[in-house]
A.B. asks: 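Take this structure first; my questions come after.
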Amino acid sequence: MISAAPLTELKKECEILLREAIKKISPETMLETLVLEKPPVWDFGQIASSACFELAKKLGEKPLALAERVTEAVDKSKFSLVQNVVAAGGGYINFHVNFTNFSALTIDSVRRMDTAYGLVKTDKSLEVIVEHTSVNPLHPIHIGQARNPMLGDSIARLLAGRGHSVSRHYYVDDVGRQTAVIAYGYEKLGKPRPIEKPDHFIGKIYTITSCIVEINRLKKELELAKLVSAEEEIAKINRELDDWTAIAFELKEKYPELFEKLLQKIGEDENPESSINALNRAYEAGDEKARLLIREVSELCLEGFKETLSRIGVSYDSWDWESDLVWSGLVIEVLQKLKQTRYISAVGGVLEFEAGKVVEDLGLREKFGLRKDYEVPSLTLVRADGTTLYTTRDIAYTLWKFRKANRCINVIGMEQSLAQTQLKIALYALGYSEQAENLTHFAYNLVTLPGYKMSSRRGRYITLDEVMNEAVERAYQEVSRRSPQLEEEEKRKVAEFVGIGAVRYALVEVDPLKPVEFNWDRVLNFEKNSAPYIQYTHARACSILRKASRKPEKVSYDLLKAKLENEIVFALAEFPEVFVEAAEFLKPNLIADYANNLADKFNTFYNAFPVLKAEPQELSDARLALVDAVRTVLRNALNLIGVFAPEKM
RNA sequence: GGGCCCGUAGUCUAGGAUGGAUUAGGACGCUGGCCUGCGGAGCCGGAGAUCCUGGGUUCAAAUCCCAGCGGGCCCGCCA
């Protein structure tokens, strides 16, 4: 017999036993839901029910006395996966597992189902779009943004494993002032071919250009302010100017040639600010020259992203260009529809969406968990010059996505919570309440650097590439030290998946809502509670199986008597339930945590018991089967968080 | 001013939706052991915690509610 979820099988048996026993004692009592949990201590049993606490209230009896009567009423002839039932504590009913049967069920299930084990299928398969990463094509992906692809990709893997039809989308944000800035600088340089990784090259041009333009703009503003404004205003501009001047010095030091050239070329422009704005307008209008230029720059940067992302094992099914939404008329269409609602106000060409009013009219306060007096701020949809804003286009994009999917998950930092809420409110205002309900903003907290804030505009960031390179380099040193016998090429290969695995694990392991302060120790961890530790454990298990050079044929599961062996079996049986929870609640960190725990248990086992040399062979074979099952589950778990499970390292 | 998120040993972190048998689980660091077994990226042990504070709900609160404190983020014709 095999089962896709052995633990669920066990719980079912416990539930039937319990319900029948309760019925015997008190035929009238109906318990709708029966929660079965895991006792805090292994020796109490493996499954527990607190039903008697509730029941005791109804029957006016002491919980423990009731629990004792219930356990006596249990029909022991129906035991299959259960060994024993006892009343304990203040009134708990504890089930002890029959491990001869449960080990057989669990280990056989894992080994027979292999790559499918744990990935319990949903009965409501949906078309799901997971949009993640979507870093603007202006500069390399930095470590502050790197949490996004790790989480997004893991979520996509979880949902696909759950049986949903998942599509991974990257939203290319090529519309807006920032893209115009980089394109402007790129053109001023004469559209140079990058002599390095293209996104790094683009990043430099972007930072320098935006710095020069900013200083230029502030200087003009200062002139003006001196004529008309108060001293306070002038001081403020001066402070900003000082700030940018400092950055200019930094950049000039770091990239003297590029800086000089841009300074000179931009200096020839009477009014860079207005050139940039003109470029932005032209692009939105679909002007041929603007299109060619901005697409070229963006593609160049994306080329770099793709290299980075494929190195960490992240790929996409669709690259959605924001500009396409504008040019196809979809954005205008949505704007028209919004204008027909009662929630738009127009002041001198500027269009505002009155989200607060929608909340009141449609009674959405509770749905969004808003406090009683809090008024959701209005959202500007269209600038005075007629160009649209980011969230406006995102509304159109969301509706576009819902043509292809019935659930959309946006992996976006929590600093955009308000915008995402406004977007959702807009969907309600347009009558797309179903879509609004099926739209999830998967928010995660920021990664900060100790001491200062990362700023891509200011060019202050640590890139994901740097982090990966450093991790792989460190991994290489570790490999050389620990496995000197390996060939050079082999060492490089191992260093790559160990280093990358470490980075992925480190970023997916922590609860996404918690803020993370970046430090190298976090991602360069090769010891316990890290991907390398789990990878090592997997390789160790593989090594035993390799050395055995036989399949476990004469298996006697009743010989797996040690508590540790039972604990491992139980942990294997839990995997499907952990997976379901992780997939339903979008918590990839549960998988990371689970894999680490299983690895811990396995290493303890490894140290305590021989496998190959165990006697008799029935025991050896049973342990071999256990090792094989652990190997399988570790691999399946690692796959879900995008970490490679090596057979050797 | 208003809103959102976070606050657990020196450091990092689990648990929190569904309050219970908890004595708050783990890692790093510190510290004492284990190289004759199948990979030491390992194993076993020790010390180390006002679960931010104060109220409330409850027979029972790290968990739920309220107020406050600390850190971060947002409230833009930026994205």
Side-chain angles (χ1 to χ4, degrees), chain A residues 33 35 37 39-41 44 48 50 53 63 88-92 94 134 136 138 173 175-179 322 347-352 369-371 373-391 393-394 412-419 421 443-446 448 453 456-457 475 478-479 481-483 498 509-517 519 521-522 525-530 532-537 539-548 585 589-590 593 596-597 599-600 603-614 623-624 627 648-649:
Chain A
T33 51
V35 182
E37 56 207 30
V41 178
F44 289 177
S50 58
F53 287 95
Y92 282 91
N94 292 336
S134 304
N136 299 350
L138 307 167
D173 182 16
V175 181
R177 221 193 84 97
Q178 297 183 14
T179 332
E322 195 177 15
V347 184
V350 176
L351 245 55
E352 295 265 339
L370 303 172
R371 297 219 171 195
D373 295 320
Y374 176 67
E375 196 186 334
V376 179
S378 291
L379 172 74
T380 304
L381 297 169
V382 179
R383 291 189 185 92
D385 71 356
T387 56
T388 53
L389 283 112
Y390 174 80
T391 309
R393 302 186 293 267
D394 206 8
I412 299 177
M414 59 152 251
E415 72 277 8
Q416 288 196 45
S417 292
L418 175 59
T421 301
Y444 59 92
N445 217 315
L446 263 47
T448 54
K453 238 180 97 177
S456 33
R457 263 181 85 203
E478 295 288 319
V479 180
R481 192 162 61 79
R482 299 175 203 259
S483 313
V498 166
E509 170 221 18
V510 183
D511 181 339
L513 289 176
K514 309 226 178 194
V516 165
E517 185 171 279
N519 64 68
D521 287 346
R522 193 188 280 274
N525 178 21
F526 298 140
E527 295 180 358
K528 270 191 151 196
N529 200 2
S530 75
Y533 173 69
I534 301 165
Q535 289 173 316
Y536 176 76
T537 309
R540 226 179 190 188
C542 289
S543 167
I544 295 177
L545 296 166
R546 228 177 8 250
K547 290 237 161 75
F585 294 99
N589 49 316
L590 294 183
D593 200 44
N596 186 58
N597 276 328
D600 271 347
N603 282 316
T604 303
F605 162 82
Y606 177 91
N607 214 257
F609 304 105
V611 175
L612 301 180
K613 293 189 176 167
R623 287 192 178 148
L624 210 51
V627 172
K648 291 179 183 175
M649 63 185 267

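Below, chain A is the first sequence line, B the second, and so on; all start at residue 1.
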A.B. asks: Quick check for you: to the nearest 0.5 Å, what is the distance between A/E527 atom CD and A/N525 atom CG?
C.D. replies: 6.5 Å
A.B. asks: Do any side-chain nitrogens or oxygens of A/R383 fall under 4.0 Å of OP1 or OP2 in B/C78?
C.D. replies: yes
A.B. asks: Report which part of the nucleic acid A/V479 touches: base, sugar-phosphate, or nothing (heavy-atom distance under 4.0 Å, all strands).
C.D. replies: base
A.B. asks: Toward the 5' end of RNA chain B, which comes first, A/R540 or A/F53, by nearest nucleotide?
C.D. replies: A/F53
A.B. asks: Please report the distance separating the C1' of B/C73 from the corresponding atom of B/C59, rounded so that it comes out in whole Å.
C.D. replies: 41 Å
A.B. asks: Counting the benzene-type ring for Trp, do A/F53 and A/Y92 have ring centres under 6.0 Å apart?
C.D. replies: yes
A.B. asks: The side chain of A/D593 lies closest to which of these nucleotides: B/A14, B/G29, B/U22?
C.D. replies: B/A14
A.B. asks: With the six-membered base ring of B/A21 as reference, does the ring of A/Y92 sit under 5.5 Å away with planes under 30° apart?
C.D. replies: yes
A.B. asks: With rounding to the closest Å, how many angstrom separate the C1' atoms on B/A47 and B/C28?
C.D. replies: 15 Å
A.B. asks: What I want to check is whether the side chains of A/T448 and A/E517 have a donor and an acceptor closer together than 3.5 Å.
C.D. replies: no
A.B. asks: Suppose you measure atom C1' in B/G2 against the same atom in B/C64; what distance do you get, rounded to whole Å?
C.D. replies: 25 Å
A.B. asks: Let me see the working for A/V627 and A/V611 under side chain to side chain contact (heavy atoms under 4.5 Å, CB included), right down to the final yes or no.
C.D. replies: CA-CA 9 Å; A/V627 172; A/V611 175; 4.0 Å; yes
A.B. asks: Between atom CG in A/N529 and atom P in B/G25, what is the gap in whole Å?
C.D. replies: 16 Å
A.B. asks: Could you check how far NZ of A/K514 sits from C1' of B/U11, rounded to whole Å?
C.D. replies: 15 Å
A.B. asks: What's the gap between B/G55 and B/A14 when it is taken at their C1' atoms, as a whole Å value?
C.D. replies: 28 Å
A.B. asks: I want to verify a distance call: between B/A21, B/C5, B/A14, whose nearest atom is closest to the A/D511 side chain?
C.D. replies: B/A14
A.B. asks: So what does A/V376 hit on the nucleic acid, given a heavy-atom distance under 4.0 Å: a base, only sugar-phosphate, or nothing?
C.D. replies: nothing
A.B. asks: Give me the distance, rounded to whole Å, that separates B/C6 from B/C12 when you measure between the C1' atoms they each carry.
C.D. replies: 15 Å
A.B. asks: Quickly work out the A/D600 CG to B/A41 P distance and round it to whole Å.
C.D. replies: 16 Å
A.B. asks: Calculate the interatomic distance between A/N603 atom CG and B/G39 atom P; express it in whole Å.
C.D. replies: 12 Å
A.B. asks: Do any N or O atoms of the protein come closer than 3.5 Å to N or O atoms of nucleotides 70-76 of chain B, and which pairs are they?
C.D. replies:
from, atom 1, to, atom 2, distance (Å)
B/C73, OP1, A/K453, NZ, 3.4

A.B. asks: Nearest to the side chain of A/Y606, which nucleotide is it out of B/G42, B/A21, B/G40?
C.D. replies: B/G40
A.B. asks: Just to be sure I understand the rule, does A/A548 reach a base, reach only the sugar-phosphate, or reach nothing, if contact means heavy atoms closer than 4.0 Å?
C.D. replies: nothing
A.B. asks: Between A/S543 and A/Q178, which residue's closest nucleotide on RNA chain B lies nearer the 5′ terminus?
C.D. replies: A/S543
A.B. asks: Report the base-pairing partner of B/G10 (Watson-Crick or G-U wobble, both distances below 3.5 angstrom), or none.
C.D. replies: B/C28
A.B. asks: A/N603 vs A/Y536, test: side-chain hydrogen bond (donor to acceptor under 3.5 Å, both in side chains). Steps then yes/no.
C.D. replies: CA-CA 10 Å; A/N603 282 316; A/Y536 176 76; over 6 Å; no
A.B. asks: In Watson-Crick or G-U wobble terms, both distances under 3.5 Å, what is the partner of B/U58?
C.D. replies: none
A.B. asks: Would you classify A/G176 as touching base, sugar-phosphate or nothing, given that sugar-phosphate means primed atoms plus P, OP1 and OP2, and contacts are heavy atoms under 4.0 Å?
C.D. replies: sugar-phosphate
A.B. asks: Please enumerate all residues that pass side-chain contact (heavy atoms from CB on, under 4.5 Å) together with A/R546, with sequence neighbours excluded.
C.D. replies: A/C542, A/S543, A/E647, A/K648
A.B. asks: Considering Watson-Crick and G-U wobble pairs with both distances under 3.5 Å, what does B/U36 pair with?
C.D. replies: none
A.B. asks: For B/A62 versus B/U13, give the span between their C1' atoms, rounded off to a whole number of Å.
C.D. replies: 14 Å
A.B. asks: For B/C73, which nucleotide is its Watson-Crick or G-U wobble mate, given both distances must be under 3.5 Å?
C.D. replies: B/G3
A.B. asks: Sequence neighbours excluded, which residues qualify as salt bridge (Lys or Arg N to Asp or Glu O under 4.0 Å) partners of A/D385?
C.D. replies: A/R281
A.B. asks: Does any donor-acceptor pair link the side chain of A/N94 with the base of B/A21 at a separation under 3.5 Å?
C.D. replies: yes
A.B. asks: Using a heavy-atom cut-off of 4.0 Å across all strands, would you classify A/A443 as base, sugar-phosphate, or nothing?
C.D. replies: nothing
A.B. asks: Could you identify the nucleotide paired to B/U23, looking across every strand shown and requiring Watson-Crick or G-U wobble geometry with both distances under 3.5 Å?
C.D. replies: none
A.B. asks: May I have the distance from A/F526 (atom CZ) to B/G40 (atom P), rounded to whole angstrom?
C.D. replies: 19 Å
A.B. asks: Between P on B/C65 and CZ on A/R371, what's the gap in Å once rounded to a whole number?
C.D. replies: 10 Å
A.B. asks: With a centroid cutoff of 5.5 Å and a plane-angle limit of 30°, would you call A/F44 stacked on B/A21?
C.D. replies: yes
A.B. asks: Report the distance from atom CG of A/N525 to atom P of B/G26, rounded to the nearest whole Å.
C.D. replies: 17 Å
A.B. asks: Evaluate side chain to side chain contact (heavy atoms under 4.5 Å, CB included) for A/E509 paired with A/N589, printing each intermediate quantity in order.
C.D. replies: CA-CA 5 Å; A/E509 170 221 18; A/N589 49 316; 5.7 Å; no
A.B. asks: Heavy-atom distance under 4.5 Å between the side chains of A/R177 and A/T387, does that happen here?
C.D. replies: no
A.B. asks: When the C1' atoms of B/C51 and B/G19 are compared, how many Å lie between them, rounded to an integer?
C.D. replies: 15 Å
A.B. asks: Does A/T604 make a side-chain N or O approach to OP1 or OP2 of B/C44 shorter than 4.0 Å?
C.D. replies: yes
A.B. asks: Starting from C1' on B/G37, measure out to CG on A/L612 and report it in whole angstrom.
C.D. replies: 10 Å
A.B. asks: For A/R393, which contact category applies under a 4.0 Å heavy-atom criterion: base, sugar-phosphate, or nothing?
C.D. replies: sugar-phosphate
A.B. asks: With the side chain counted from C-beta on, respond yes when A/L381 and A/L389 share a heavy-atom pair under 4.5 Å apart, and no when they do not.
C.D. replies: no
A.B. asks: Measuring only between side-chain heavy atoms, which start at C-beta, is A/I534 closer than 4.5 Å to A/N596?
C.D. replies: yes
A.B. asks: At less than 4.0 Å, is any side-chain N or O atom of A/R177 found next to OP1 or OP2 of B/C77? Yes or no.
C.D. replies: no
A.B. asks: Taking the P atom in each of B/G70 and B/G20, what is the distance between them to the nearest angstrom?
C.D. replies: 31 Å
